[in-house]
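Computed from heavy atoms alone, side chains included, the values below leave out hydrogens, waters and symmetry copies.
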Amino acid sequence: MTTRPVLIAGAWRAAGATGSFTAMNPALGEMLPDLYPISDWADCEAALEAAAAAAAALRSSPPEPRALFLEAVARRIEARKDELVEMAHAETGLPKAPRLAEVELPRTTGQLRQGAAAARDGSWALPTIDTKLNIRSLLAPIGPVLVFGPNNFPFAFNSVAGGDFVAAIAAGNPVIAKANSSHPGTTRLLAEEAFAAVAEAGLPPASVQLLYRTSHEHGERLVADARTGATGYTGSRAAGLKLKAAADAAGRPIYLELSAVNPVVILPGALAERGKALVDEFVASSLMGTGQFCTNPSLVLLLAGDATEEFVGSVKGRFEAASPTPLLSPAVGKALASSVETLQSAGAQLVTGGAPASGAGCRYSNTLLRVSGAEFLKSREKLQTEAFGNASLFVVAKDDGELAAALRHLEGNLTGAFYSDTRGSDDALYGRLEPLLRPRVGRLLNDKMPTGVAVSAAMNHGGPYPSTGHPGFTAVGIPAALRRFAMLQCFDNVRPERLPPVLRDQPPHERVVRFVDGEWRRGALQ
């Protein structure tokens, strides 16, 4: 069996491998035929050298080739849609329709086109001019970007073509992509199209490179290397924090999306008004994609009462009636079982599920746990363990004070949601609780489950630690996502002909911010 080549320095070539691996079809529990290499440090070294040369060339190039590249990748993905969907389905078990073909793939091509528009527009770089002091600044490319993609979004967060990839390229940086071991074939197909688009757009050949897997030691060396401009990582907290420690020790920027339980607070008036509808919303959100979303609502906080007991009972029945869908891999199933055990050891009571499910492939029974507010406060750290998959924990507080105390002790999360009575009976309670949750989440929702993450300029897909490594940046939302992969450059009394075009006194750009005659103004000088 032939091992697939890596993409390094503008060529597909045999890897300098220390071993190999295969992906699995998690819906069937069967190994897939292709072999993929585990690269040694020589591959990493070659990729870094080539990326550094590409970064130097990209810094002096205009944005148009990058925009053309991103648009070409989008077109090429659409032309190869059927093959990509089949491969992603085989490697992840996610449904071909609507999930992969009608939702995730169009989202991916949409991100690519938004990135192209941002590259052309240039306002993401926040060009700023102080005419009085003749000081000018803008955000500029930071250098080679490493992208580690997650297992749960084979297109939209893929290390080739996903959000971090788009942001890095649009900001003017080459990318070294590290494929996720759960879907190496999907990443290979995307890289084939991206590499063809490199030539089509006239970018440096090493603008896109691909390694399938490295050792943990080599991954840590990569993020810490002086040639690495920055790293974008989406994945488990344990692995991400090891990379962060290595990058931090070397002073290299790294942006991590790690884990979240995404608390949902359902207030009494909402249950009284539309309890059955809330059961429908929660079950659909919780079990979507077998719960393998970073924004899965896996922690629900309620006040004790008859309506709450009815809600818990209805969710239990719906969980038991729904057939468990496949998890992404045996490793995900093992981690989910371990997390459920941790929750139980900390005092959570099993309502339903809590064991592997029968059927082909990797499956775990739909799992619901509950704990009192008092018990939650006693073991609040362990009871915020992320159970990545189709499992949720309900915290039932005895009164408003206990619910408020629980919110005060929440860790940082990507999202947090409140459901309240539309007629106003919960407004006073919301007013007391919302200030407790707001600083602990990146995105606050009202009367809406958090699972969907729209690709909007206003979106924040980030949050306080430990949901991410830094609360000031987002992994979704253009142009803000580009700014992670940039450095602030200042020009003090630099001669006009030596300035970047956008910082000259008459730039072809209307979004420059200028400090003129004691006030800030937008646009070119008149």
Side-chain angles (χ1 to χ4, degrees), residues 260-268 270-272 274-293 295-325 327 332-359 363-399 402-403 406-407 410 413 417 419 449-451:
V261 294
N262 305 298
V264 174
V265 183
I266 303 180
L267 300 180
L271 285 178
R274 56 190 193 281
K276 291 182 180 179
L278 295 187
V279 171
D280 293 340
E281 283 190 52
F282 172 75
V283 171
S285 179
S286 179
L287 300 185
M288 182 188 300
T290 324
Q292 297 165 116
F293 284 77
T295 50
N296 181 267
S298 57
L299 181 70
V300 180
L301 299 102
L302 309 110
L303 283 170
D306 292 342
T308 289
E309 294 306 316
E310 184 177 349
F311 179 77
V312 173
S314 296
V315 171
K316 174 180 182 291
R318 294 284 294 278
F319 271 31
E320 292 172 347
S323 298
T325 49
L327 295 165
V332 172
K334 182 178 179 181
L336 176 57
S338 175
S339 295
V340 170
E341 290 177 7
T342 297
L343 293 171
Q344 288 182 275
S345 70
Q349 301 171 342
L350 191 66
V351 177
T352 190
S358 59
R363 299 172 196 265
Y364 194 84
S365 56
N366 300 325
T367 298
L368 179 63
L369 304 105
R370 69 178 291 171
V371 68
S372 69
E375 287 296 321
F376 179 83
L377 292 170
K378 287 179 184 177
S379 302
R380 52 185 177 265
E381 184 175 337
K382 285 188 175 181
L383 288 169
Q384 291 181 72
T385 298
E386 182 188 37
F388 184 71
N390 49 329
S392 293
L393 172 66
F394 285 3
V395 177
V396 181
K398 66 179 181 180
D399 55 29
E402 195 169 80
L403 180 54
L407 295 179
L410 291 179
N413 279 275
Y419 276 83
M449 287 293 164
T451 328

Exercise. Can you name the nearest heavy-atom pair linking P297 to S392, along with the distance?
Worked result: O-OG, 3.5 Å
Problem set entry | Which atom of T290 lies closest to which atom of L327, heavy atoms considered | CG2-CD2, 3.6 Å
Exercise. Any donor and acceptor pair, going by atom type alone, linking the side chain of N366 with main-chain N or O of E320 inside 3.5 Å?
Worked result: no
Exercise. Just wondering, do L303 and V396 contact through their side chains at under 4.5 Å, heavy atoms?
Worked result: no
Exercise. Mind checking whether Q292 and N296 have side chains closer than 4.5 Å, heavy atoms only?
Worked result: no
Seminar exercise, completed: Applying salt bridge (Lys or Arg N to Asp or Glu O under 4.0 Å) to K398 and not counting sequence neighbours gives none
Problem set entry | Side-chain touch F394/V315, heavy atoms, less than 4.5 angstrom | yes
Exercise. Is the closest side-chain heavy-atom distance between N262 and T451 below 4.5 Å?
Worked result: no
Exercise. Do any N or O atoms from the side chain of S339 and from the backbone of E386 form a donor-acceptor pair under 3.5 angstrom?
Worked result: yes
Problem set entry | Sidechain-backbone polar pair: R363 side chain, A357 backbone, donor-acceptor under 3.5 Å | no
Seminar exercise, completed: For L383 and E375, the nearest pair of non-hydrogen atoms, with its separation, is CD1-O, 3.6 Å
Exercise. Atom CG in L271, atom OH in Y419: separation rounded to 0.5 Å?
Worked result: 11.5 Å
Exercise. Of all heavy-atom pairs between L336 and A391, which one has the smallest distance, and what is that distance?
Worked result: CD1-CB, 4.0 Å
Exercise. With R380, which residues qualify under salt bridge (Lys or Arg N to Asp or Glu O under 4.0 Å), at least two apart?
Worked result: none
For this session: Decide yes or no for F319 and L287: does some side-chain heavy atom of the first lie under 4.5 Å from some side-chain heavy atom of the second?
Result: yes
Exercise. Pick from T385, V395, V264, V265: which one makes a side-chain contact (heavy atoms from CB on, under 4.5 Å) with L299?
Worked result: V395
